[in-house]
Amino acid sequence: MKLGRRNDLDAVSFHLVMGVLALACIVILIAPTLVVLIVSFTSGFSLKFPPPGYSLRWYAALLDSWQLHFAAMNSFKIALWTTAISIVLGVAAALGIARSKTMTAKVLDSLFMSPLVLPALAFGLSALMLFSVVGLPVSPLTLVIGHTIVCVPYVIRTSVAALSQLDPVLLESSASLGASRLYSFRRITLPLIRPGILAGGFIAFMSSFDNVPVSLFLRDARTDMLPIRMWQDLEGKLDVTIAAVSGVLIVFTVAMMILMERIAGLSRRLR
Amino acid sequence: MAATPTTQNLPTVTAYELKLAWPLGAFFIVFFLAPLVLLFIVSLYTDTTMTHFGLTQYAKFLLDPFSLKVLGATLWLGVEVTALCLLLGFPLAYVYLRVPGWAQSVLILIVLLPLLTSVVVRTFAWIVILGRQGIINTALLELGLIDSPLRLLYTEGGVIVALAQVQMPLMVLPLITALTRIDPNLADASAALGAGAWRTFWKVTLPLTLPGVIAGCLLTYAAALSAFITQTLVGGGQMLFMPMYLYQQASTLNNWPFAAAISFIFLVAVFAVITVFNMLGKISQGYANA
């Protein structure tokens, strides 16, 4: 009896601690997003929370802000190009290294993954040095090159994971039935790894759209980027317009996330 | 020549040639490795006009208490953020595996949301929460617990909490993967043998998830060190960490050799930490499989 009660207390305290910490974690994860959404509808001029009243005025102000439109358009174009190049180069590289057990494949894999852990700001500075040594002025081209380096790892990771789940028997039977390698790739490999490619491409797009450390060095006034514009606006003054921009970005992100979860099983591919 | 390709090609229908990786390999050599080599060369110039070679920049950094303090503060910040992420993230991953399917779908979206939302937006949210008129100060004032707003923004505590939220998904996702792999029978066996919940956790669950813990810590730590936006916006001007130090020297002061040396020291420090983590990972994998 006594032992049983001690075990109960033990189990209750364990689950209580785990539950409370997990709840705290959930609050920390959600609260910021909710707070920004609520503040973006404020009728006042400050970021006071709770807002004194609600209105759509800051969203209306957004329509007139050509600087933000310009920066958002730039970011969108660069992210699109970065994603396209990342998918082409990244999927090819994933096919090459996924089933190879050679040392070269291992070295290449670590090389391709290293931008994920090394400080991106140091890479941004070194890329700027390279471009200035070879005499290439900063332009959308240099931005796309820099972004591709830091975004392609996501495409490789999800594509390699998708390829490792592909049953080789399928390719063997396809080949034994006389299909060429290209035909097997088009009709078997590609459809089966497509969700992995989509998920990786989506993350690459979002991380290019959101990139600051690389853009900081590789852009100029003509290629102003949205996150940098927002960051500089926030450093100067706490502008409520930024809350409205954030609101738009949050809604866009959530919608895209739910879409990608439906068509590509996003959450399963990120683990 | 004619006969060998068929015998060699037959088993390779299931594999693709390694040469498919070379376009990206070449891209990385030209635009990733070459810049890093160049960075190292620039760091070896003694003057900003870049005419003489020497180790002056490294001596300048390593003998300067201010620079060393910035490096130390940055590495320590990473430790604090990683510890907080682990403390809160592990219970979340643990709970994730014990809730019904619909709740799992909701939880995973909650974890993924910060990963995909713009860093500037997430950081901005913390400015609203921690500011003088922010949600915490308003609540505490109304409850009568404080008389004047607390200074929460521009403090190290603020930076740590904000960074923990920004990097939390990087910790939770590998932990969920690691916890999924544990045989549930092991916990039952431990309980049947008389071990309590805490003992089972410390002796069975945690050791078996060590590879996931280390993978999560590595990603969180590396990301926290270079989180430029969150560090500058929530930290404000008083707190200086390596990324901003590097940026100031390169951009505002145009001192490329010193900025390059800072970058290189930063890269080496991060690389050293990653190597240690990877070694721990290998050891823990042996431990978890034993």
Side-chain angles (χ1 to χ4, degrees), chain A residues 7 10-11 14 18 21-22 24-26 28-30 32-33 35-36 39 46-49 89 92-93 95-97 99-100 102 104-105 108 111 117-122 125-127 129-130 133 145 149 168 171-172 175 206 210 212-213 227 230-231 234 242 246 249-250 253 257 267 270-271, chain B residues 13-16 18 20-21 23-25 27-28 31-32 34-36 38-39 42 88-89 91-92 94-95 108 110 112-114 116-122 124-126 128-129 131 133-135 138 165 168 173 176-177 196-198 222 226 228-229 233 243 246 250 259 263 266-267 270 274:
Chain A
N7 270 350
D10 189 70
F14 176 73
M18 281 297 194
L21 289 177
C25 190
I26 291 171
I28 286 185
L29 284 173
I30 305 181
T33 311
V35 165
V36 168
V39 160
S46 72
L47 298 169
K48 190 172 161 47
F49 194 96
L89 292 178
L95 287 170
I97 58 176
R99 293 186 180 234
S100 177
T102 57
T104 323
L108 282 177
L111 174 65
V117 278
L118 291 182
L121 209 66
L125 175 65
S126 59
M129 286 172 177
L130 178 84
V133 163
I145 291 173
I149 293 284
L171 295 174
E172 274 167 17
M206 296 307 279
D210 184 35
V212 172
M230 290 169 72
W231 171 59
L234 282 178
I242 298 300
S246 301
L249 287 178
I250 289 170
T253 308
M257 231 171 84
S267 59
L270 282 176
R271 284 194 254 137
Chain B
V13 290
T14 60
Y16 294 90
L18 192 57
L20 282 169
L24 187 63
F27 191 83
F28 263 66
F31 295 117
F32 184 65
L36 292 181
L38 188 65
L39 183 78
V42 170
L88 297 176
L92 185 64
Y94 188 87
V95 167
I108 203 80
I110 290 174
L112 286 184
L113 182 62
L116 296 167
T117 316
S118 163
V119 169
V120 184
V121 172
R122 282 181 278 164
F124 170 64
W126 284 101
V128 177
I129 293 173
Q133 292 189 312
I135 185 164
T138 312
Q165 190 250 351
M168 188 66 81
L173 292 172
I176 289 179
T177 309
W198 283 105
S226 36
F228 179 63
I229 291 292
L233 285 181
L246 187 174
S263 306
F266 192 26
L267 284 170
V270 173
I274 290 170

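A note on names: the letters A, B, ... follow the listed sequences, proteins ahead of strands, and every chain is numbered from 1.
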Colleague: Tell me, side chain or backbone of Pro213(A) under 4.5 Å from chain B's heavy atoms, or both, or neither?
Modeller: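 Contact with chain B is absent: no heavy atom of Pro213(A) under 4.5 Å.
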
Colleague: When the aromatic ring centroids of Trp231(A) and Phe228(B) are compared, is their separation below 6.0 Å?
Modeller: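 Yes.
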
Colleague: Quick one: are Leu18(B) and Thr102(A) in side-chain contact, heavy atoms under 4.5 Å?
Modeller: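 Result yes, sub-4.5 Å side-chain heavy-atom pair found.
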
Colleague: How far does OG1 of Thr33(A) sit from CD of Gln165(B), to the nearest 0.5 angstrom?
Modeller: 6.0 Å

Colleague: Under 4.5 Å heavy-atom distance to chain A, tell me which part of Val119(B) shows up: side chain, backbone, both or neither.
Modeller: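 Both the backbone and the side chain of Val119(B) come within 4.5 Å of chain A.
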
Colleague: Pro91(B), Ala125(B), Gly89(B): which one forms the most heavy-atom pairs within less than 4.5 Å of chain A?
Modeller: Pro91(B)

Colleague: Dump the intermediate steps for side chain to side chain contact (heavy atoms under 4.5 Å, CB included) on Val120(B) and Ile242(A), then the final yes or no.
Modeller: CA-CA 10 Å; Val120(B) 184; Ile242(A) 298 300; 5.5 Å; no

Colleague: Please classify the contact between Pro114(B) and chain A as side chain, backbone, both or neither, with a heavy-atom cut-off of under 4.5 Å.
Modeller: side chain

Colleague: Using non-hydrogen atoms and a 4.5 Å limit, figure out which bit of Val117(A) sits close to chain B: side chain, backbone, both or neither.
Modeller: both

Colleague: Assess whether side chain to side chain contact (heavy atoms under 4.5 Å, CB included) is satisfied between Phe28(B) and Leu89(A), documenting all intermediate values.
Modeller: CA-CA 11 Å; Phe28(B) 263 66; Leu89(A) 292 178; over 6 Å; no

Colleague: Below 4.5 Å, heavy atoms only, C-beta onward: do Val36(A) and Trp126(B) meet side chain to side chain?
Modeller: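 Counting from C-beta outward, Val36(A) and Trp126(B) never come under 4.5 Å.
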
Colleague: Counting only heavy atoms closer than 4.5 Å, note whether Leu246(B) contacts chain A via side chain, backbone, both or neither.
Modeller: side chain

Colleague: For the atom pair CG (Leu121(A)) and CD1 (Ile229(B)), what is the distance rounded to the nearest 0.5 Å?
Modeller: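 That separation rounds to 9.5 Å.
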
Colleague: At a heavy-atom distance under 4.5 Å, which candidate from Ile274(B), Thr117(B), Leu112(B), Val128(B) has the highest pair count against chain A?
Modeller: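 Maximum pair count with chain A is reached by Leu112(B).
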
Colleague: How would you list, by chain and number, every residue that makes a ring pair (Phe, Tyr, Trp, His ring centres under 6.0 Å) with Phe266(B), sequence neighbours excluded?
Modeller: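 If we apply the ring pair (Phe, Tyr, Trp, His ring centres under 6.0 Å) test to Phe266(B), skipping adjacent residues, there are no hits.
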
Colleague: Among Leu116(B), Val270(B), Thr138(B), Val95(B), single out the residue with the greatest number of heavy-atom pairs under 4.5 Å to chain A.
Modeller: Leu116(B)

Colleague: Sequence neighbours left out, what passes side-chain hydrogen bond (donor to acceptor under 3.5 Å, both in side chains) with Ser118(B)? Give chain and number order.
Modeller: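 Ser118(B) satisfies side-chain hydrogen bond (donor to acceptor under 3.5 Å, both in side chains) with Asp210(A) only.
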
Colleague: Under 4.5 Å heavy-atom distance to chain B, tell me which part of Ser246(A) shows up: side chain, backbone, both or neither.
Modeller: both

Colleague: Measure Met206(A) against the heavy atoms of chain B and call it side chain, backbone, both or neither at under 4.5 Å.
Modeller: side chain

Colleague: If you count heavy-atom pairs within less than 4.5 Å of chain B, which of Val212(A), Leu108(A), Ile145(A), Val35(A) leads?
Modeller: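 If we count pairs closer than 4.5 Å to chain B, Ile145(A) comes out on top.
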
Colleague: Nearest 0.5 Å, what's the CG-SG distance between Leu92(B) and Cys25(A)?
Modeller: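 So the gap between those two atoms works out to 4.5 Å.
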
Colleague: Can you tell which of Pro32(A), Ala127(A), Ala24(A) has the highest number of heavy-atom pairs within less than 4.5 Å of chain B?
Modeller: Pro32(A)

Colleague: Ile28(A) versus chain B, heavy atoms under 4.5 Å apart: side chain, backbone, both or neither?
Modeller: both

Colleague: Working to the nearest 0.5 angstrom, can you tell me the gap between Ile30(A) CD1 and Leu113(B) CG?
Modeller: 8.5 Å

Colleague: Is chain A contacted by the side chain of Ile135(B), its backbone, both, or neither, given a heavy-atom distance below 4.5 Å?
Modeller: both

Colleague: Would Ile149(A) and Phe27(B) count as a side chain to side chain contact (heavy atoms under 4.5 Å, CB included) if you check the C-alpha gap in whole Å, the side-chain angles of each, and the deciding distance to 0.1 Å?
Modeller: CA-CA 8 Å; Ile149(A) 293 284; Phe27(B) 191 83; 3.7 Å; yes

Colleague: Out of Leu20(B), Leu39(B), Leu24(B), which one racks up the most heavy-atom pairs below 4.5 Å with chain A?
Modeller: Leu24(B)

Colleague: What part of Tyr94(B) gets within 4.5 angstrom of chain A, counting heavy atoms only: side chain, backbone, both, or neither?
Modeller: side chain

Colleague: Might you work through the side chain to side chain contact (heavy atoms under 4.5 Å, CB included) test for Gln133(B) and Leu47(A), ending with a clear yes or no?
Modeller: CA-CA 7 Å; Gln133(B) 292 189 312; Leu47(A) 298 169; over 6 Å; no

Colleague: Please report the closest heavy-atom contact between Ala120(A) and Ser226(B), naming both atoms and the distance.
Modeller: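 Distance-wise, the nearest heavy atoms are N-CB, 4.4 Å.
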
